[in-house]
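Proteins get letters first, then strands, A, B, ... in listed order; numbering begins at 1 in each.
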Amino acid sequence: MSDHANQAHQAADADVHYDVHATEAKWLPVWTELDPFRADDASPKPKRYALTMFPYPSGDLHMGHAEVTAIHDVIARYWRQRGFEVMNPIGWDSFGLPAENAAIVRDEHPATFTYANIETQAESFKRYAVSFDWSRRLHTSDPEYYRWTQWLFLRFREQGLAYRKNSPVNWCPQDQTVLANEQVVDGHCERCGAEVTKRELTQWYFKITDYAQELLDGLDELESTWPARVVTAQRNWIGRSEGAHVDFPVEGRDEPLTVYTTRPDTLFGTTFMVVAADAPLAAELVSDEQRPAYEAYLAQTRKASDIDRLSTERPKTGVDLGVRATNPVTGEKLPVYAADYVLADYGTGAIMAVPGQDQRDWDFAAAFGLPVRRTVQPPEGWEGEAFTGDGPAINSANDEISLDGLPVEQAKRETIAWLESKGFGRGTVNYRLRDWLLSRQRYWGVPIPVVHCEACGEVPVPDDQLPVELPELRGADLKPKGVSPLAAATDWVNVDCPSCGGPATRDTDTMDTFVDSSWYMFRYCSPGLETAPFDSAQVNAWMPCDVYVGGVEHAVLHLLYGRFFTKVLADMGLVDFREPWSSQVNQGVVINQGKKMSKSLGNGVNLGDQLREFGVDAVRLTLVFAGPPEDDIDWADVSPAGSLRFLQRAWRLSGDVTSPAGTAADGGDVALRRTTHRTVADAAELVESRRFNVVVARVMELVNATRKAIDSGPGGADPAVREAAEAVAVLLSLVAPYTAEEMWERLGHEPTVALAGWPEVDESLLVEDSVTAVVQVQGKVRGRLEVAPDISAADLEALALADPAVVRALEGKTVRKVIVREPKLVNIVAS
RNA sequence: GCCCCGGUAUCCCAAUCGGCAGAGGAAGCGGCCUUAAAAGCCGCGCAGUGUGGGUUCGAGCCCCACCCGGGGCACCA
């Protein structure tokens with residue numbers, strides 16, 4: 001056992017120390033018995049919903065869990081003290097790959113590993129004294145939960161919001177599954193880090209793009225209550241751009257070649273066209289003569305990884321498709337190329353190339369010896385290649401329209417109007433956001449509740465047959481084979497078609513686990529409900545969540561998907577709000593010695609060790625006090641030992657109070673009473689504005705002031721001392737529940753301090769009877785005056801000018817100007 | 001390359017409206033207590049706020065440029 005814990009345990013002089021671990025052991029069962037954190041749906045109190053991102057059950061809790069829940073719990077416990085009915089639920093995001101991979105290695109079932117970890121984490125959360133409502137606990141891998149995930153999927157499908165399509169998708173060769181766009185980071189699998197390749201597969205998608213504009217617009221309202229970086233990340237991700245679709249007739253083809261451009265004003269400068277090599281369109285357009293060359297190029301493109309494709313340094317490659325398109329504005333015949341620098345799944349998969357105004361097109365033109373025609377006048381002395389800035393249009397006129405001389409924005413508008421009037425194109429809004437690829441070729445997830453029948457095609461599993469439960473597979477059965485492990489469970493796969501009764505097979509993919517976590521906050525509002533995913537009335541009563549606390553790594557994935565689900569549910573009439581989380585807090589990460597904790601660096605800090613050494617309260621206090629919640633915490637910079645010392649100091653106050661419980665504070669030492677009331681008032685404001693570290697600092701001040709009052713002031717019998725100590729206990733209950741409870745008991749009260757209520761602030765004690773006014777001459781402090789807080793500007797100016805030090809400073813000078821900011825400052829300008 | 005956030009004492013961090021740069025903690029130093037140490041208690045703060053300009057009676061805070069750190073986007077037409 002460590003030195004610190006030893007000292008705490010010995011408690012030889014009981015007035016100085018309390019036994020941290022004995023205190024934890026004492027109160028935990030009492031709280032379990034009292035069950036003070038169960039949220040009452042029927043409560044008449046105003047409701048608050050405090051949500052923390054539910055954990056994935058990987059081993060035991062670590063420092064990251066400790067930080068997020070410590071911060072989150074301050075808010076939940078504060079609201080409770082303020083008289084709100086608080087729902088603070090907990091559950092587990094318990095489907096997912098790590099358990100499946102572990103099951104393969106250990107020849108087990110993923111559930112064994114998963115549920116064992118959940119139990120471990122649950123016990124740890126309880127010891128960590130998080131004020132969760134355990135009665136609402138859920139696990140996304142429970143059939144009772146995923147039944148409703150399937151139900152929601154079917155509702156989405158009915159509305160055309162879940163559909164199957166064949167297209168090139170991101171494929172992780174390591175995990176042997178497809179990935180959503182959001183799960184590919186710099187060309188690598190977000191989860192395992194393997195280089196992602198492309199495969200052409202038929203997959204399930206959610207049509208999140210239908211909501212692109214609303215998801216973007218909704219961010220305007222969230223801007224003031226969500227972290228700026230999350231809002232920015234989502235805006236970037238959605239990537240709205242405004243431009244036009246332009247139709248280029250193609251010789252020998254009825255359909256025109258339609259491109260998307262954000263620069264319709266540069267249409268006159270188009271000197272060639274490019275189609276994404278891997279777009280079906282390219283294969284359609286290519287001439288017979290060029291087909292072999294195209295196919296060779298395509299094969300080469302397919303081999304290139306996203307890493308290569310993402311490199312902007314890479315030389316431009318492509319192949320002439322052997323067809324000609326006509327520029328609608330000039331009538332010119334333009335060559336059409338296939339190239340890999342154009343993306344198949346953005347816009348129309350084809351572009352009009354304007355080398356004069358686009359560097360990528362310039363590079364391609366240079367590589368293929370294609371002409372350049374500038375349509376925007378570059379500034380004097382321009383030595384660059386493509387010019388993308390603003391300037392007057394040039395070389396942009398035909399018999400019907402002239403853009404020459406117009407600035408870019410105006411030229412765009414004119415061009416779009418002309419295109420629309422001629423039927424050659426139209427103004428368009430485009431988004432970077434793609435539909436959400438939700439199917440996965442893995443086992444430990446929600447089975448997609450669809451049956452494929454030769455006669456009937458795609459048939460949804462009827463609601464009354466839900467859930468479609470996972471077949472029992474374990475160990476080697478789960479090994480990635482490129483097709484879902486479910487496909488091998490033939491008894492499970494082969495079913496009668498729900499529609500015609502003929503032979504059919506189940507869909508063998510499972511859902512992305514982000515589907516599970518897109519609606520769990522709704523389920524918490526009516527967790528046991530067996531007839532629907534949630535009770536709309538309860539959901540509308542509790543939601544949207546008043547605060548959502550979690551890591552910023554979910555800025556675009558989970559947080560965007562959850563918003564999307566909410567909007568769909570609102571459109572289905574199931575909820576009456578359109579954003580699930582009205583405010584959000586992102587905590588930083590806990591690092592050590594300037595670096596991320598890792599096994600290879602050997603700088604890991606184990607939460608269990610810290611709790612054994614310093615106790616729950618000291619660790620929680622350290623995490624909250626370290627700095628603003630969103631800042632990273634370097635464990636080497638903070639002092640859990642210092643936190644423990646402070647808690648002992650606070651606790652000791654409760655033993656030095658000699659007045660009986662219930663003593664009225666009136667008549668107590670006014671100076672201490674002022675400090676107490678000021679601290680309580682400030683603490684409320686600071687919690688509301690999420691400056692938890694400052695709250696702790698203010699409580700430390702109050703503890704110091706109370707100590708002073710006991711030792712060298714009015715003494716422990718003064719009623720103000722009791723008032724202060726009780727305030728300390730309540731304020732500390734937000735961060736250090738064990739210490740606060742112990743103090744509360746020693747002060748003669750019944751448990752639990754968590755429901756003691758926020759101390760009432762006496763406004764009259766917040767008004768000071770005098771304030772210090774600073775007198776400056778030329779901005780330098782020359783004197784101080786004790787004045788009444790309501791002193792008039794004229795009186796303060798007169799006092800200031802009469803101050804001897806000021807008079808001295810003004811000798812030989814003429815007063816030019818006097819700025820008075822009563823009651824705190826006077827600045828005299830003189831020369 | 002573009003966009004966002006941040007640089008305050010040895011360290012972590014405070015500083016509502018532009019108004020005395022310091023609330024709190026860590027480390028350090030000194031004292032009391034102690035046979036001694038630990039713990040406890042008391043005391044000790046001349047950094048002018050990354051750099052250079054500007055606005056202002058007055059700038060950590062506002063404006064401009066730059067440096068450093070962190071994050072997002074990036075062949076998305």
Side-chain angles (χ1 to χ4, degrees), chain A residues 3-4 6-8 10 12-13 15-17 186 227-237 239 241 243 259-263 266 274 309-314 316 339-343 345-354 357-361 363-364 430-434 552 555-556 588 621-622 625-628 630-634 636-643 645-646 648-649 652 682 685-686 689 691 693-701 703-704 707-708 711-712 772-784 816-819 821 824-830:
Chain A
D3 290 348
H4 296 280
N6 247 330
Q7 286 148 17
Q10 284 168 0
D13 41 351
D15 290 342
V16 181
H17 297 294
D186 287 338
R229 53 182 172 168
V230 175
V231 173
T232 311
Q234 293 211 356
R235 282 212 178 101
N236 284 339
W237 193 260
S241 73
V259 302
Y260 173 71
T261 177
T262 55
R263 293 295 302 274
T266 63
V274 187
R309 290 194 58 162
L310 282 170
S311 167
T312 49
E313 313 288 285
R314 191 155 162 266
K316 294 283 181 283
D340 66 1
Y341 84 93
V342 170
L343 304 175
D345 58 352
Y346 182 77
T348 61
I351 62 156
M352 54 182 233
V354 188
Q357 266 73 232
D358 185 291
Q359 190 59 41
R360 298 157 298 187
D361 297 343
D363 293 340
F364 190 89
N430 204 35
Y431 302 90
R432 209 190 74 114
L433 182 71
R434 312 297 208 280
V552 74
V556 287
L621 182 78
T622 302
F625 181 53
E630 64 275 15
D631 283 10
D632 289 350
I633 297 172
D634 192 331
D637 288 338
V638 295
S639 172
S643 297
R645 272 202 300 276
F646 163 71
Q648 300 281 8
R649 277 162 55 80
R652 224 176 316 117
D682 287 356
E685 206 168 305
L686 289 163
S689 53
R691 289 185 292 165
N693 55 323
V694 187
V695 176
V696 173
R698 301 303 306 277
V699 179
M700 287 172 169
E701 261 183 286
V703 168
N704 292 343
R707 182 82 258 153
K708 208 161 257 177
D711 290 347
S712 53
T772 306
V774 174
V775 186
Q776 301 176 330
V777 177
Q778 310 290 73
K780 281 191 172 172
V781 180
R782 295 296 184 186
R784 285 163 212 278
R816 299 288 175 198
K817 197 173 175 185
V818 181
I819 291 104
R821 290 286 177 273
K824 296 182 85 170
L825 181 127
V826 179
N827 190 14
I828 300 162
V829 186

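Mapping Phe646(A) and Lys708(A) onto RNA chain B by nearest heavy atom places Phe646(A) closer to the 5' end of the strand.
Phosphate proximity of A27(B) to Ser639(A): absent, as no side-chain N or O sits under 4.0 Å from OP1 or OP2. The phosphate of A77(B) (OP1 or OP2) has a side-chain N or O of Tyr346(A) nearer than 4.0 angstrom. In terms of phosphate contacts, Arg645(A) brings a side-chain nitrogen or oxygen within less than 4.0 Å of OP1 or OP2 of A26(B). Within the 4.0 Å cut-off from OP1 or OP2 of G19(B), not a single side-chain nitrogen or oxygen of Lys824(A) is found. Residue Arg235(A) places none of its side-chain N or O atoms closer than 4.0 Å to OP1 or OP2 of G72(B).
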Inset, instruction - Let me have RNA chain B in dot-bracket notation, would you? Count Watson-Crick plus G-U wobble pairs, both distances under 3.5 Å, and use [ ] for pairs crossing earlier ones and | for inter-strand partners. - result: (((((((..((((.....[..).))).(((((.......))))).....(((((..]....))))))))))))....
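Cation-pi check for Lys316(A) over Phe364(A) is not met; the charged atom does not lie both under 6.0 angstrom from the ring centroid and within 45 degrees of its normal.
Nucleotide G48(B) carries a syn base; the chi torsion (O4'-C1'-N9-C4 or O4'-C1'-N1-C2) is within 90° of 0.
Using a 4.0 Å heavy-atom cutoff across all strands shown, Asp634(A) reaches no nucleic acid atom at all. No engagement by Glu630(A) is indicated, since no non-hydrogen atom pair under 4.0 Å with the nucleic acid exists.
Qualifying side-chain hydrogen bond (donor to acceptor under 3.5 Å, both in side chains) partners for Asp631(A), counting only residues two or more places apart in sequence or in other chains: none.
Gln234(A) contributes atom CD, which lies 10.0 Å from atom CG of Leu433(A) (distance to the nearest 0.5 angstrom).
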Can you pull every protein N or O that's under 3.5 Å from an N or O on nucleotides 12-14 of chain B?
| residue | atom | partner | partner atom | Å |
| --- | --- | --- | --- | --- |
| C12(B) | O2' | Ala626(A) | O | 3.1 |
| C13(B) | O3' | Asn693(A) | ND2 | 3.4 |
| A14(B) | OP1 | Asn693(A) | ND2 | 3.4 |

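Look at the P atom in both C75(B) and U56(B): the space between them is 46 Å, to the nearest Å.
Closest contact between the side chain of Asn827(A) and the listed nucleotides C75(B), G40(B), G19(B) involves G19(B).
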